[in-house]
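To start, the structure itself, in C-alpha cells.
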Amino acid sequence: MTKKILVVDDESSIVTLLQYNLEQAGFSVVTASDGLEGYNAVIEEKPDLIVLDLMLPKMDGMEVCKALRQEKINTPIIMLTAKDDEFDKVLGLELGADDYMTKPFSPREVTARIKAVLRRSTVAIEEAPLKAQDQSFEFGSLRVYPDRFEVFFRDEALDFTPKEFELLVYLMENKNRVLTRDQLLSAVWNYDFAGDTRIVDVHISHLRDKIEDNSRKPIFIKTIRGLGYKFEEPKVV
C-alpha cells in the first residue's frame, strides 16, 4: 500500500521540491502551507507521516505537534528547521516529534529519513513470522503487544508515540540488562543524536509517567547510576 506523506511548509519552492521527489520515490503526497491548514489536513487526510516546518504562519510547528499529540494522534513527525532557528531538539522531541532535519537539505536525505522513520514506527504484521504475530511481553500489571502497537497497564490501554513505544519494547527485549544512554541512542534513534543523552532521559521520564505507579520510585525501569537504565520484572511479594 502506498504511504501518504503530508508536507507542511510555507515556502512553495520547498513544497514543490519535496512533493516531486517523494512522488518519484513512490509516496503519495498532500501539502499544506500553514500550521492550521496542516493540522486540519492530518485530521482529514490521515497521512502515514508528517514533514512539518518549524516556522509557519497561524500555528508554528511546535504548536501543531503539541496539538496533535494532545489529541492522541501519534502519526510520525519529522520537523524541519532553518539553520538560524533557535530550535531545541529535545523540546521538539519531548512534544512528540520523531526526528528533525536542518535546512538546507537534499531531497534524497529527506526521503531516506522518511523511510527510516516509517520503518521504525510502522507495525508490519504482514512481514512478521506467523509465530511472532502474537508475541507479547507481560510483566506484572504491564502487557505489551509489539506487533499490534498496544500497551496495557492494569488492563487500561495506554497511548504512546512511536518512539516511546520503540524504546519500551527495546528495554523489554533486553530485560535485566544494563543499557547505557549511548546504547539506547544508537538502538532507538540511531543517528544525529550522539552524545545528547537528554533525549533518552526525557523519553524514559515519559515512559515512567505512563507505566509506573510512582514515577519517582519506579519498579520497571530502574536507573543504574553512572551507567544508564535497566528494565526489571517486578518482584512478587
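- Between the OG1 atom in T161 and the CG atom in L167 there is a gap of 9.0 Å [rounded to 0.5 Å].
- Using a 4.0 Å cut-off between charged side-chain N and carboxylate O, R208 and D213 make no salt bridge.
- The pair K46-E44 does not meet the salt-bridge criterion, since no charged nitrogen lies less than 4.0 angstrom from a carboxylate oxygen.
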As a quick check of understanding, evaluate side chain to side chain contact (heavy atoms under 4.5 Å, CB included) for D48 and L6, giving each step before the final call.
CA-CA 8 Å; D48 295 290; L6 170 63; over 6 Å; no
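- Ring geometry for H206 versus H203: interplanar angle of 30 to 60°, hence tilted.
- For F220, the ring-ring contact (aromatic ring centres under 6.0 Å, His included) criterion is met by F231, not counting sequence neighbours.
- If you take CG on L179 and CD1 on I204, they are separated by 9.0 Å, rounding to the nearest 0.5 Å.
- Side-chain atoms of E138 and L142, non-hydrogen and from C-beta on, never get closer than 4.5 Å to each other.
- By the 4.5 Å heavy-atom criterion applied to side chains, L168 and I211 are counted as neighbours.
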Intermediate values then yes/no, side chain to side chain contact (heavy atoms under 4.5 Å, CB included), Y229 and D201
CA-CA 10 Å; Y229 297 100; D201 296 335; 2.6 Å; yes
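- Minimum heavy-atom separation, K115 to F27: CG-CZ, 3.9 Å.
- At distances below 3.5 Å, at least one donor-acceptor pair connects side-chain atoms of T16 with backbone N or O atoms of S12.
- Using a distance-only test at 3.5 Å, with no hydrogens or angles considered, a donor-acceptor pair links the side chain of K163 to the main chain of V188.
- Ion pairing between a basic and an acidic side chain is recognised when a charged N comes within 4.0 Å of a carboxylate O; K175 and E233 show such pairing.
- Residues L17 and V8 fall into different hydrophobic clusters, defined by Ile, Leu, Val, Met, Phe, Trp and Tyr side chains chained together at heavy-atom separations under 4.5 Å.
- Residues passing the salt bridge (charged side-chain N to carboxylate O under 4.0 Å, His left out) test with E212, sequence neighbours excluded: none.
- Taking CD1 of I50 as the reference point, atom CD1 of I114 lies at 11.5 Å (rounded to 0.5 Å).
- No donor-acceptor pair closer than 3.5 Å links the side chain of E23 to the backbone N or O of Y20.
- More than 12 non-hydrogen atoms from other residues, nucleotides or ligands lie less than 6.0 angstrom from CZ of F105.
- Taking a cutoff of 4.0 Å between a charged side-chain nitrogen and a carboxylate oxygen, E45 and K4 qualify as a salt bridge.
- A donor-acceptor pair is defined here as one N or O able to donate and one able to accept, closer than 3.5 Å; such a pair exists between the side chain of Q183 and the backbone of T180.
- Judged by distance alone, the side chain of T111 and the main-chain N or O of P107 form a donor-acceptor pair under 3.5 Å.
- Using a distance-only test at 3.5 Å, with no hydrogens or angles considered, no donor-acceptor pair links the side chain of E164 to the main chain of F160.
- At a threshold of 4.5 Å between non-hydrogen side-chain atoms, the residues M172 and F139 count as touching.
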Checking Y170 against L184 for the side chain to side chain contact (heavy atoms under 4.5 Å, CB included) test, could you report, in this order, the C-alpha distance in whole Å, the side-chain angles of both residues, the deciding distance, and whether it holds?
CA-CA 8 Å; Y170 187 78; L184 291 170; 3.7 Å; yes
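- Residue pairs meeting the side chain to side chain donor-acceptor pair (under 3.5 Å) criterion with at least one partner in residues 59-75, sequence neighbours excluded, are R69-D98.
- Looking at V151 and R143, their side chains never come closer than 4.5 Å, going by heavy atoms from C-beta outward.
- Under a 4.0 Å N-O distance rule, the pair K103/D53 qualifies as a salt bridge.
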